[in-house]
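Take a look at the structure set out below.
Computed from a predicted structure; not experimentally measured.
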Amino acid sequence: MPNTNRQLRLQSRPKGLLAPGDLQLTETPVPELKDGQALAHVKYLSIDPTMRVWMVADTYLPIVPIGEVMRAIGFAEIVESRHPDYKKGDRVTGLTGLQEYVVIDASAKSFFQKLPKIPFVSDTPFFSACSAPPGSLLFLAWR
């Protein structure tokens, strides 16, 4: 079990483009799990244009409060669980926030959805079977 969780917290409301100091990198202890909670390791984060709006205004979701972990959608894998709906190795998507680990409990469950057992991109043999020149950009899509 990890000891430290790195997080990006909203430190100030941006004026114009995001600037140094608007987000602050912090390290916090990973909390001990209680009954009904699961700990997920965030593997991938989506950086969406709406994040900039969440920093300064209420939208379909409330504004991100100053000092809170910046809201973001991510893909994560359960690394420890005391929650009846999640077991170690389950993969989820939801509002993980910009952080390495997220605790999922009953209050957060509506923001998370289990994913089918398909490999994360980094687990896919495709990457070991192909090579691209340094600096190449690769886009993948599934139907």
Side-chain angles (χ1 to χ4, degrees), residues 1-14 17-18 20-143:
M1 162 110 160
N3 295 326
T4 305
N5 185 20
R6 291 186 302 171
Q7 306 169 319
L8 280 173
R9 293 180 174 269
L10 184 62
Q11 186 169 328
S12 63
R13 305 246 177 253
L17 296 175
L18 198 62
D22 290 338
L23 295 172
Q24 179 182 24
L25 179 62
T26 63
E27 290 188 1
T28 60
V30 174
E32 291 283 328
L33 289 184
K34 300 174 185 156
D35 288 338
Q37 293 182 325
L39 181 68
H41 181 216
V42 179
K43 302 279 192 171
Y44 300 98
L45 288 165
S46 177
I47 305 300
D48 297 303
T50 192
M51 293 170 72
R52 172 60 179 77
V53 178
W54 290 337
M55 294 178 185
V56 297
D58 288 326
T59 59
Y60 57 93
L61 291 174
I63 192 169
V64 175
I66 297 293
E68 291 294 315
V69 173
M70 182 58 211
R71 184 181 300 135
I73 297 170
F75 293 96
E77 185 170 351
I78 303 297
V79 293
E80 186 178 338
S81 182
R82 293 178 66 181
H83 193 293
D85 297 337
Y86 300 103
K87 64 181 184 306
K88 186 175 180 176
D90 282 348
R91 293 171 178 178
V92 296
T93 185
L95 291 175
T96 61
L98 294 179
Q99 59 186 339
E100 286 184 293
Y101 295 92
V102 61
V103 174
I104 302 170
D105 58 22
S107 66
K109 189 173 178 224
S110 62
F111 293 107
F112 287 88
Q113 178 178 332
K114 277 175 134 177
L115 297 171
K117 286 289 186 184
I118 57 174
F120 278 141
V121 173
S122 63
D123 298 336
T124 307
F126 172 81
F127 287 102
S128 61
C130 72
S131 62
S136 296
L137 188 58
L138 181 63
F139 294 94
L140 298 176
W142 287 268
R143 291 183 188 231

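- For the salt bridge (charged side-chain N to carboxylate O under 4.0 Å, His left out) condition, no pair includes a residue of residues 45-58, sequence neighbours left out.
- Heavy-atom minimum distance, P14 versus V56: O-CG1, 3.6 Å.
- Between S46 and A72 the shortest heavy-atom distance is O-CB, 4.2 Å.
- In this structure the side chain of L10 reaches within 4.5 angstrom of the side chain of L23, judged on heavy atoms.
- Atom CD1 of I104 sits about 10.5 Å away from atom CG of D85, to the nearest 0.5 Å.
- Contact of the L98 side chain with the I47 side chain is registered, since non-hydrogen atoms from C-beta on lie closer than 4.5 Å.
- The two atoms that bring V103 and P31 nearest to each other are CG2-CG, 3.7 Å, heavy atoms only.
- Once rounded to the nearest 0.5 Å, the distance linking CZ of R71 with CZ of F111 reads 8.0 Å.
- Looking at residues two or more places apart in sequence or on another chain, you find a salt bridge (charged side-chain N to carboxylate O under 4.0 Å, His left out) between K114 and D90.
- At most 12 non-hydrogen atoms from other residues, nucleotides or ligands lie less than 6.0 angstrom from CG of L17.
- Here the OG1-CD1 distance, from T96 to I73, works out to 8.5 Å after rounding to the nearest 0.5 Å.
- In this structure the side chain of L18 reaches within 4.5 angstrom of the side chain of M55, judged on heavy atoms.
- Taking the side chain as every heavy atom from C-beta outward, Q113 and T93 approach each other to under 4.5 Å.
- Applying the salt bridge (charged side-chain N to carboxylate O under 4.0 Å, His left out) rule to pairs touching residues 20-42 yields D35-R82, sequence neighbours excluded.
- Here the straight-line distance linking atom CD of Q37 with atom CG of D105 works out to 5.0 Å at 0.5 Å rounding.
- Annotation: the span from N5 atom CG to H41 atom NE2 amounts to 9.0 Å, rounded to 0.5 Å.
- Atom NZ of K87 and atom CD of E80 lie 16.0 Å apart (nearest 0.5 Å).
- Sorted by first then second residue, the salt bridge (charged side-chain N to carboxylate O under 4.0 Å, His left out) pairs that include residues 4-13, not counting sequence neighbours, are R6-E100.
- Under the rule for a side-chain contact (heavy atoms from CB on, under 4.5 Å), the partners of Q11 that lie at least two apart in sequence or sit in another chain are Q24.
- Between I63 and W54 the shortest heavy-atom distance is CG1-O, 3.4 Å.
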